[in-house]
Amino acid sequence: MVTRLVLVLGDQLSHNLSALQKADKDGDVVVMAEVLEEAEYVPHHPKKIALIFAAMRKFAQELREDGWDVRYTKLTDNENAGSIVGELLRRAEETGAAGVICTEPGEWRLIDKLKYAPVKTHILNDDRFIASHKEFEDWAEGRKALRMEYFYREMRRKTDLLMEGDDPAGGKWNYDHENRKPVKGEVTLDGPLNFEADETVEEVLEMVEARFGDNFGSVRPFPFATTREQALEALEYFVRNALPNFGDFQDAMLEGEAFLYHAVLSPYMNIGLLDPLEVCRAVEQAWKDGDVPINAAEGFIRQIIGWREYIRGIYFLEGPDYSERNVLKHDRDLPGFYWGAETKMNCISQTIDQTEKHAYAHHIQRLMITGNFALLAGMNPQQVHEWYMSVYTDAFEWVMTANTIGMTQFADGGIVASKPYVSSGAYINRMSDYCKGCQYKVSVKTGEGACPFNLLYWHFLDRHRERFSNNARMGNMYRTWDRMDEDRRETVLKDAEAWLEKLDAGEVV
Ligand code: FAD
Ligand code: DLZ
Ligand code: SF4
């Protein structure tokens, strides 16, 4: 039998991976490698690098115990070739393997490298998702607008999750209007389940600290699950303790409460330790058992079989140039406070501090604080994308790109979002307690102490009038703007410009 190499990437740590299913345990050789090219293509948060390397090492051990011949390269190994393709070539020479099989990577960059590698590589579908590329393409074919909600209904029918025959459980597809409550009173949970570092994790933490210690964020404390067994415990903990409140407070933000009732399961699903469908089935079961309300179960399942699948579908449908789009022609540089420099805006500094500390921010912080600000201020979408790719543990191109380029920055011209996700300070004040501790005043619209979100909101609408004033969902905003008297509009725009000048000059704003 001719030996083949079976490549398993750092975000493919699933025992049911298509490449492993297709391979032969008796003759084929599994290749796993910690390489600088992957660790440096963006300056990843040290916690992300540590999670991937620790989980890779443990997964390799599980495969060996299962009878596979695994050739594992550590980052510090002298013979390390430095890239995935380099490692494949080295292992091919070592084993005499004739070719490589692998599951499709979640990034055009790596797909291309493998396609054109000087060793014959057979790329298999990644069937750890609910919709295949073909299913998404068929759904998208001929539609004027690719709205997530309709795709989601297809996925409900396909998976039979929360269905009663052909109808949605409880009579409605979507319970979102019940899911927008600010948190009043005590938060009853102290975040997700944490795990102690064992010897393998500790060795990785020391190495990452030494090699990537200058990247944004600190590797310690390191609370993550690094095996499937632990990730399943984290899932069970979430379903029992946080899910009942997940729906109600999904959009809320509170100082000092990074996690609220969120799952923090995206890193485990994205590197393959948990299967998205098994996560949804556990959530559905909790609803069937009467332990969680329908708005929580439906809201959570929609995020996974709806948003997560849809966002991936768009990335692969739109092709490699999607991440380069910039229809609004925004070109401002990302300011230093995204990397921890001082800012007077409390909502921004809370979100960035927490990102630095935990490599985590929940969806509304990503969308309506850092994303909203970048869009209002006209930041370059590619810089914004690279920032998000760098700072979150769950960041991979297939899931990040349509969220940044599409959802938050409208740089794709409205494929993902039917209107730009922009808001003034009023929304942030309603959904959080950030404004209370801010040096700006959310109630002040112009002049001394005016909240920058208030100024920039109108500045954004005014400078993109041509594109958005005919958008049916934005008519109200333009009517409000047009009803203001002219002097007031001039003052708003002048104050916004003056604020942006200070930002560009590097002043603490
Ligand atoms: P919860 O809110 O508790 O759970 C919801 C689950 O649904 C998540 O675990 C995730 O798997 C899924 N989900 C929800 N919304 C989305 C979405 N828009 N896209 C994809 N999956 C979704 N998620 C990532 O997994 N990786 C990313 O790189 C990523 N980048 C993002 C960038 C921006 C600008 C925005 C606005 C969102 C991004 N998201 C990303 C989506 C979302 O913010 C995270 O999935 C979520 O914060 C993860 O935390 P959680 O598990 O506690 O989420
Ligand atoms: C993100 C990442 C990092 C930091 N390091 C590695 C690595 O050393 N080896 C590896 O196989 N994978 C790594 N990954 C994950 C890959 O970058 C990921 O597979 C691609 O981005 C495609 O999603
Ligand atoms: Fe953010 Fe404005 Fe509120 Fe300050 S006042 S926290 S800048 S929304």
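Order of listing sets the numbers, starting from 1, for every ligand and every atom in it. No experiment lies behind these values; they were computed from the predicted model shown.
- Side-chain atoms of His330 and Gln409 include no donor-acceptor pair closer than 3.5 Å.
- Comparing Ser83, Cys102, Ala33 by heavy-atom distance to atom 7 (C) of ligand 2, the nearest is Ala33.
- With atom 4 (C) of ligand 2 as the reference point, the heavy atom nearest to it among Glu104, Glu38, Glu34, Lys48 is part of Glu38.
- For Tyr360, the closest heavy-atom approach to ligand 1 falls below 4.0 Å.
- Inclusion of His44 in the set of residues having an N or O under 3.5 Å from an N or O of ligand 2 is not warranted.
- Ligand 1 has no nitrogen or oxygen under 3.5 angstrom from a nitrogen or oxygen of His362.
- Contacts of Leu75 with ligand 2, taken as heavy-atom pairs under 4.0 Å, are absent altogether.
- A cation-pi contact, defined as under 6.0 Å to the ring centre and within 45° of the axis, is absent between Arg57 and Tyr72.
- Not close to ligand 1: Tyr392, with no non-hydrogen atom less than 4.0 angstrom away.
- More than 12 heavy atoms of other residues, nucleotides or ligands lie within 6.0 Å of CD in Glu209, so this atom counts as buried by the packing criterion.
- Scanning the protein heavy atoms around atom 4 (Fe) of ligand 3, the nearest turns out to be Cys438 SG, 2.3 Å.
- The protein non-hydrogen atom at the shortest distance from atom 3 (Fe) of ligand 3 is Cys435 SG, 2.3 Å.
- Checked against the 6.0 Å centroid threshold, Phe216 and Tyr338 do not count as a close aromatic pair.
- Among the atoms of Cys451, an N, O or S atom is found under 2.8 Å from atom 2 (Fe) of ligand 3.
- From the protein, the heavy atom lying nearest to atom 42 (C) of ligand 1 is His363 ND1, 3.5 Å.
- Residue contacts with ligand 1 leave out Phe259, since none of its heavy atoms falls under 4.0 Å from the ligand.
- Atom 29 (C) of ligand 1 has as its closest protein heavy atom Arg366 NH1, 3.3 Å.
- The shortest N/O to N/O separation between Phe246 and ligand 1 does not fall below 3.5 Å.
- Applying the 4.0 Å criterion to heavy atoms of Thr408 picks out, from ligand 1, the atoms 34 (C), 36 (C).
- With ligand atoms numbered from 1 in the order given, ligand 1 contributes 51 (O) to contacts under 4.0 Å with heavy atoms of Leu265.
- Geometrically, ligand 1 and Thr404 share no nitrogen or oxygen pair separated by less than 3.5 Å.
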